[in-house]
Chemist: 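Please see the structure below; I have some questions.
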Amino acid sequence: MPTLVTRSSMPALDEYIEEIRSIWDTHWLTNMGTKHNELTEELQKYLGVPCVSLVVNGHMALENAIRALKLEGEIITTPFTFASTTHAIVRTGLTPVFCDIDPSDYTMDVSGIEALITDKTSAIMPVHVYGNICNVEEIQSIADRHGLKVIYDAAHAFGETLDGVGIGNFGDISCFSFHATKVFHTIEGGAAVFKDKSLADTLHYLRDFGILDEERIVETGGNAKMNEFCAAMGLCNLRHLDAEILKRKAVYERYTERLEGVKGLRLNKIRPEVKSNYAYFPIVVDTQFAKTRDEIQKLLAENGIYSRKYFYPLTSEFDCYRDKYNSNLTPVALDVSHKVLTLPMFADLALEEVDRICDIILQT
Ligand SMILES: *Cc1c(COP(=O)(O)O)cnc(C)c1O
């Protein structure tokens, strides 16, 4: 059996069947049913935030967040992210303006933000890359100084805390992905999470065609509702999440033990004030290392181990954007994208397999 870069966690089949049994009594399959509402409440508790708007996927959480805040013009963001972040900005009719990243944690380099602000800027959209939490204090103070909104792409950061505060409490809206490959998943799913209760109605309508009631349609909303089967999967997975994160932590520690201090390999540092979810294990392969990133990836693949160049290419390098942006303006992001490799990371990854992966990387 090959070792994939990730493996979705699943509850025991019986547990899931028990969870969906009541759906056969009600025949209520979607449109804010019992499971949906239960999961909403559970997530408010788990994340420690007052408002959770469940949606069909993380991408629609981002698009609906942009619409709910009535943003226009330009959004300052990062090119070192998954396609979704940049696409959400472009698909809602706005223009992404790319800020470089910090070489130490790959989140937005806050010292570069202010120079990118123009009279068209309406928001900042940073990403908590690999679960590394952005410099939220500085980003908020820049936003306050210039009257900008802040939307966090928190797809990697589910369940994390900063100094004990749930990660969904920063900025105007944080968007989570509950895709099957994420630490917590609902097969497909996501949520927009926020503190300002006045946003709740708008986000609600945006995910359901803008329908207020039978005769009043108040927003040009699309369809982004989470169905009952996905919500039921979420309810099951949430019960086991803390145990899963502990298993991920053991994997993280084993990798760190084996690869820390190796010349030419940069590991991802977790700040002491952050409670991590251990979502990914990225390594950055510098030129002092005996092999290149691509050579490591090939060697692992020859041994049935699949790693991922995540994130490569930068979103500003995508075929659909290439003529519009100059990636040389974000040199750190460009450099890291050419050197980064995320290694297999999931709760059930055996520590012996982690050793085998490290042996292959380190073999001379
Ligand atoms: C997974 C992910 C998304 C998109 O989430 P989906 O649920 O797949 O739509 C957005 N941003 C980042 C950084 C992601 O990793």
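Order of appearance sets the numbers: ligands from 1, and atoms from 1 within every ligand.
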Chemist: Take atom CZ in Arg7; do more than 12 heavy atoms of anything else shown fall under 6.0 Å from it?
Modeler: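 Not more than 12 within 6.0 Å, no.
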Chemist: Which of these passes ring pair (Phe, Tyr, Trp, His ring centres under 6.0 Å) with Tyr310: Tyr106, Tyr280, Phe80?
Modeler: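 Filter result, single survivor: Tyr280.
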Chemist: Between the protein and ligand 1, which nitrogen or oxygen pairs come in under 3.5 Å, and how far apart is each?
Modeler:
| from | atom 1 | to | atom 2 | distance (Å) |
| --- | --- | --- | --- | --- |
| ligand 1 | 5 (O) | Ser177 | OG | 3.1 |
| ligand 1 | 7 (O) | Gly58 | N | 2.8 |
| ligand 1 | 7 (O) | Ser177 | OG | 2.7 |
| ligand 1 | 9 (O) | Gly58 | N | 3.3 |
| ligand 1 | 9 (O) | His59 | N | 2.9 |
| ligand 1 | 11 (N) | Asp153 | OD1 | 3.3 |
| ligand 1 | 11 (N) | Asp153 | OD2 | 2.7 |
| ligand 1 | 15 (O) | His156 | NE2 | 2.9 |
| ligand 1 | 15 (O) | Lys182 | NZ | 3.2 |
| ligand 1 | 15 (O) | Tyr310 | OH | 3.1 |

Chemist: Taking the six-membered ring for Trp and the full ring for Phe, Tyr or His, determine whether the centres of Tyr46 and Phe158 are under 6.0 Å apart.
Modeler: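 Ring centres of Phe158 and Tyr46 closer than 6.0 Å.
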Chemist: Can you list, by chain and residue number, the hydrophobic cluster partners of Ile23 when the side-chain cut-off is 4.5 Å?
Modeler: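 Besides Ile23, the hydrophobic cluster comprises Tyr16, Ile20, Trp24, Leu29, Ile187, Phe229, Met233, listed by chain and residue number.
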Chemist: Is Lys263 salt-bridged to Asp286, cutoff N-O under 4.0 Å?
Modeler: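 A salt bridge is absent here (no side-chain N lies under 4.0 Å from a carboxylate O).
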Chemist: Applying the side chain to side chain contact (heavy atoms under 4.5 Å, CB included) test to Phe98, which of Thr78, Leu329, Thr77 qualifies?
Modeler: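 Testing each of Thr78, Leu329, Thr77 against Phe98, the sole residue satisfying side chain to side chain contact (heavy atoms under 4.5 Å, CB included) is Thr77.
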